[in-house]
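Each chain gets a letter, A, B and so on, in the order the sequences are listed, and its residues count up from 1.
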Amino acid sequence: MDVPLPRLIVFVVLATYITLGPAWRQLAGGTTPFVRQWVMYRSWGTTGCDVRFYQRTEEGDVRLDRYAVLDREPWYAHPVESRRLTSRAEVLEVARRLCDALGRGADLRIDARCGSDDGWVQHATRENNLCR
Amino acid sequence: MRAADPGSRRWPAFGPEAPLIERLVLAEGSTRSAALLRIGLTLLVWSRFAGDLLPVRNLDPAWLALGASFYLSTTALLLGVFSRVSAVWAGGTLLVMVFGVGPAAMEPWTHHHTTLLALAVAMLPATPCGGSYSVDRWWAVTRAARAGAPPPAERAPVWGLLLLGMLTSTVYLWSAVDKTTWGFLSGHRLQTLFMHLYVGSDYPTFTGFAALCGVAAVLTVVLEYLLAFGLWVRRLQPALIPAGLLLHAIFYWALPVSTFSLTMAVLYLAYLDPDAVHDAIDRIS
């Protein structure tokens, strides 16, 4: 059989680079930037948090729409960047404004969890009244 | 024009009796698939990179030189002028951009969709990408006419298409491997992704959001594993190609994936029998 050697060499080298390169990066912990790992959108959103605000009443906890309480514009009228709460300080600032809007004696609680590579990580489960 | 099929070298393999190495590197087929890949990939390269390399962005001499190399090589590649040389030049320029300039000064060039484009173009010299729909082809036909000979066949070794198919399958496989974790399969990572892009920190109130993300996550991973291997199986292509295209259409619509979806769609040509593509074009021409 007459297989052109240069073609064979190029094929084997490129096929090896294409197919085994990502394995070396993703399984063996290789770090060179010249071999690509195919990891898409792994970190997107993992810094974001799911924060739900509740007003505790005698009838139970009522989930609040913070946009309805704080202003009259619906949530989608605000840029998505401003809708993301990514730190404790940002959450407490929203809680402070909600407490002000709800008035004296309000009991505000939050469920909060944040993203990670392994999924949600719970941070708060309505333990404390944030208006105190 | 496609020459008479020599039989023993038909894509993707002539029968199981042929040695594997022969099937891989000696197979011949129509050059039209490679030509369509050349044109499609080059247009996607322009769509993604051309704006970044405009002189108005940067007047640094090195940047202008990079831009000149990019525009000249990709123009020649699109037109099919000395196609293989143009492909080497364009591919080399893109590899320098993605692996050299990117990490140093242009982080967006290091993303997966830009790397995929660069690698795909860099593989084009291994294909007969100038054998059809090109200035090269025009010249070849003109030379033959002057000599009183019939036009040369649009036929050449197509082992480079295998490399492009491997590249596409590898993207699916390792992307699926990365997602094969509880964090993704539970739907949690899709929830965070959706919230990051659309709603911020306010968990959607509509019923079934968590279940929908869980089902979508599992379906995505299963489909990616199926596409990685199944696109090589001729009998599965009628089902898997539409499924894959639908998946990429959803990505394109719902996520800021830039040229990724369209690049993958164009690369599906690498899985198809080039002679079947040729005949299909003839049927509709």
Closest approach of B/Leu163 and A/Ala15, non-hydrogen atoms and distance?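 That closest heavy-atom pairing would be CD2-N, 3.8 Å.
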Starting at [atom1] of [X], measure out to [atom2] of [Y] and round the result to the nearest 0.5 Å.
X: A/Asp117; Y: B/Thr181; atom1: CG; atom2: OG1; value: 8.0 Å
X: A/Ile18; Y: B/Leu164; atom1: CD1; atom2: CG; value: 7.5 Å
X: A/Arg63; Y: B/Thr205; atom1: CZ; atom2: OG1; value: 6.5 Å
X: B/Met166; Y: A/Phe11; atom1: CE; atom2: CZ; value: 3.5 Å
X: B/Asp178; Y: A/Gln37; atom1: CG; atom2: CD; value: 7.5 Å
X: B/Ser201; Y: A/Phe53; atom1: OG; atom2: CZ; value: 8.0 Å

Pick one of side chain, backbone, both or neither for [X], based on which atoms fall under 4.5 Å of a heavy atom in chain A.
X: B/Leu197; value: both
X: B/Leu116; value: both
X: B/His111; value: backbone

Side chain to side chain, A/Val80 and B/Tyr198, heavy atoms closer than 4.5 Å: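 No, too far: nothing below the 4.5 Å cut-off.
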So if I take each residue of residues 84-108 of chain A and look for any heavy atom under 4.5 Å from a heavy atom in chain B, which residues do I end up with?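 Against chain B, the residues of residues 84-108 of chain A that fall inside the cut-off (heavy atoms, under 4.5 Å) are A/Arg84, A/Leu85.
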A/Arg113 to B/Tyr203 six-membered ring, cation-pi geometry met (6.0 Å, 45°):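 Yes, a cation-pi geometry.
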Answer yes or no: is there an ion pair linking A/Arg83 with B/Asp202, defined by an N-O contact shorter than 4.0 Å?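 Result for this pair is no, no salt bridge flagged.
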